[in-house]
Amino acid sequence: MNELYLMNHISRQLHTIVRYFGIDSAEKSYVCARMDFSDSVLFPEILSYCQTLEGSLPVLFDVNSTFCYGYVPDCSGFYIIGPIRFADPLFFVHRLQTEPTEKSLDFTADVALCDFQAVLSSILLVYNLYHFEELGQNELIQYCCIPKGADAEPLQLYSELTFQNQEYGQKHNPYGQELREQQSIELGDPILLKKSLEEDYIGEIGTLSKDHLRNWKYLGATVLTLASRSAIRGGISPEVAFSLQDSYMQKIDETNNEQRILHLIRAAEFTFANMVRELKEFHLGIRAKENPYIEQCKDYIFSHLHDKLEVADIARHLALNANYLSELFHTYEGVTLKSYIQHEKVKLVKNLLTYSRYGYSEIATYLGYSSQSHLGKIFKQTTGYTLSQYRKKFGSPEFIANEKNCFNVSSK
């Protein structure tokens, strides 16, 4: 391998010095693209510190909380990269404290400011060229910048919060409500979104920060992230969704009013839902213009979902041959007409299970199924859930009816 080329590349990339030492700590190569730059005053202490480092992983270490060096071991020696500085203060596990001198203080101003990611990339490049097992950026950060025990702190706080919530009977908002909220955006249904947001339940918004205003901003970021992903699943371009999310998030970040933040969160959700709705309507409009029978067919299906729909009945209504209608629909929609009818019926069943008190047999009768078991079989094949499982998971709390207390509205 051409080590000198590698050292020159990193020296120019980070505007600093790159040295290579043999296993006996004798300097073998020295590269610095800046001809007037030198760290000779401090380097003896830097080298002594590197000789004390153990293990086979690279180390990024701090010197006097002022600048840093990178130590990268290989099989027959080690590289020392630096000095480098960062614009923002960073924590490093490995630290070297030296006696500051007038020369060393003057020298600091000449050390180049570097991008942290660029430094990590350079260190990983050198290390991974010499090692078969690749080291990743997250592993390097954890080894160099995260103190031991830090990973256990969130889990410790989790235990404390869980105990407090149980002690005082506190609960978060129900997960089912969140699923309904995101599903309505994915479907492009502002009416369902409004229903989900108006649900009544026992629970509290999560605490993401002890600072009240910052907590609302963090919640805004969370909701916007979920809403944008739901919109993407609904067909919106990822770039469009991400840009809209960024726009709302920037306005939330500029706001110091809780009510204004909540308004922006809700406005973003409805904007996403309406964008999905308009996209779906646009595609339907194109298909309808391409062949008006397709839209007429869908209109008839929508108006007769409560009937036992047959392809022959729809074809008769449109004055078409049944086989021709089936082929036409499959050509334009990519699914069979029977599959589309079943999909629309199941979609309505989901809505009834989520937002109504109707029992399973009533829903089956209302949608033209021969029996509750017939509906249940088709629903399980399509969704993977039984009727009861779906209602328990996604149903509004006040509408959930389990197998024992499911009742008919007509009997009340």
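Predicted model only: the values in this text are computed from it and were never measured.
- Donor-acceptor pairing under 3.5 Å is recorded for the side chains of Ser65 and Arg95.
- At least one donor-acceptor pair closer than 3.5 Å links the side chain of Ser196 to the backbone N or O of Leu193.
- Note on ring orientation: taking the six-membered ring where Trp is involved, the planes of His9 and Tyr5 are parallel (angle under 30°, cut-offs 30° and 60°).
- Between Ser228 atom OG and Met275 atom CE the span is 11.0 Å, to the nearest 0.5 Å.
- Heavy-atom contacts from other residues, nucleotides or ligands closer than 6.0 Å to CG of Leu113 number more than 12.
- A distance of 10.0 Å separates CD1 of Ile141 from CZ of Phe92, quoted to the nearest 0.5 Å.
- With values rounded to the nearest 0.5 angstrom, Gln250 atom CD is found 11.0 Å from Gln245 atom CD.
- Ring planes of Phe67 and Tyr69: perpendicular class, angle over 60° (limits at 30 and 60°).
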Under 3.5 Å, which donor-acceptor pairs do the side chains of residues 261-270 form with other protein atoms, sequence neighbours left out?
| unit_1 | atom_1 | unit_2 | atom_2 | d |
| --- | --- | --- | --- | --- |
| Arg266 | NH1 | Glu269 | OE1 | 2.7 |

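- When atom types are taken as modelled, the side chain of Ser11 and the backbone of Thr16 share a donor-acceptor pair closer than 3.5 angstrom.
- Formation of a donor-acceptor pair under 3.5 Å by the Thr383 side chain with backbone atoms of Lys380 is not found in this model.
- No donor-acceptor pair closer than 3.5 Å links the side chain of Lys280 to the backbone N or O of Leu187.
- When the shell of 6.0 Å around CD of Gln117 is examined, it contains more than 12 heavy atoms from other residues, nucleotides or ligands.
- For Tyr248 against Thr271, the heavy-atom pair with the smallest separation is OH-OG1, 3.0 Å.
- In this structure, Asp211 contributes its side chain and Leu213 its backbone to a donor-acceptor pair below 3.5 Å.
- The nearest pair of heavy atoms linking Leu325 to Cys297 is CD1-SG, 4.4 Å.
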Assess the residue pair Phe91 and Val93 against the criterion (side-chain contact (heavy atoms from CB on, under 4.5 Å)); give the C-alpha distance rounded to whole Å, side-chain angles, the decisive distance to 0.1 Å, and a yes or no. CA-CA 7 Å; Phe91 174 85; Val93 174; 4.1 Å; yes
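- Taking the six-membered ring where the residue is Trp, the centroids of Tyr340 and His330 are separated by 6.0 Å or more.
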One pair to check against side-chain contact (heavy atoms from CB on, under 4.5 Å): Glu333 and Lys298. What are the steps and the verdict? CA-CA 11 Å; Glu333 295 298 315; Lys298 288 184 175 182; 3.1 Å; yes
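- Nearest heavy-atom pair across Phe272 and Leu224 is CE1-O, 4.4 Å.
- Taking the six-membered ring for Trp and thresholds of 30 and 60 degrees, Phe379 and Tyr390 have ring planes more than 60 degrees apart, a perpendicular arrangement.
- Taking 4.0 Å as the cut-off between side-chain N and carboxylate O, Arg19 and Asp39 count as a salt-bridged pair.
- Remark: the Gln342 side chain and the Thr382 side chain contain an N/O donor-acceptor pair separated by less than 3.5 Å.
- In this model, a donor atom of one side chain and an acceptor atom of the other lie less than 3.5 Å apart for Arg233 and Ser230.
- Side-chain atoms of Asp253 do not come within 3.5 Å of backbone N or O of Met249 as any donor-acceptor pair.
- Within a 6.0 Å radius of OH in Tyr366, other residues, nucleotides and ligands contribute 12 heavy atoms or fewer.
- Comment: Lys28 does not engage Glu3 in a salt bridge, judged by the lack of any side-chain N to carboxylate O separation of less than 4.0 angstrom.
- Leu279 and Gly234 get closest at one heavy-atom pair: CD2-O, 4.3 Å.
- When every heavy atom of Ile80 is checked against every heavy atom of Cys50, the shortest pair comes out as CD1-SG, 3.7 Å.
- Between the side chain of Asp189 and the backbone N or O of Ala273 there is no donor-acceptor pair closer than 3.5 Å.
- The CZ atom of Phe78 lies 6.0 Å from the OH atom of Tyr71; values are rounded to the nearest 0.5 Å.
- In this structure, CG on Leu60 lies 6.0 Å from CZ on Phe116, to the nearest 0.5 angstrom.
- Using a 3.5 Å distance cut-off with no hydrogens or angles, the side chains of Ser371 and Ser373 do pair a donor with an acceptor.
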Should Tyr30 and Phe43 be marked as a ring pair (Phe, Tyr, Trp, His ring centres under 6.0 Å) after you check the CA-CA gap, both sets of side-chain angles, and the distance that decides it? CA-CA 13 Å; Tyr30 173 100; Phe43 192 72; 8.4 Å; no
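- Side-chain N/O atoms of Asp74 and Tyr20 include a donor and acceptor closer than 3.5 Å.
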Any chance you could lay out the side-chain contact (heavy atoms from CB on, under 4.5 Å) test for Leu90 and Cys145, step after step, and finish with the verdict? CA-CA 8 Å; Leu90 298 170; Cys145 304; 6.0 Å; no
Check against side-chain contact (heavy atoms from CB on, under 4.5 Å), Leu309 and Asp313: CA-CA 7 Å; Leu309 278 166; Asp313 297 329; 5.8 Å; no
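- His343 NE2: 12 or fewer foreign heavy atoms inside a 6.0 Å radius.
- To the nearest 0.5 Å, atoms CG (Leu337) and CD (Glu327) are separated by 12.0 Å.
- The salt bridge (Lys or Arg N to Asp or Glu O under 4.0 Å) test applied to Glu134 returns no partner, not counting sequence neighbours.
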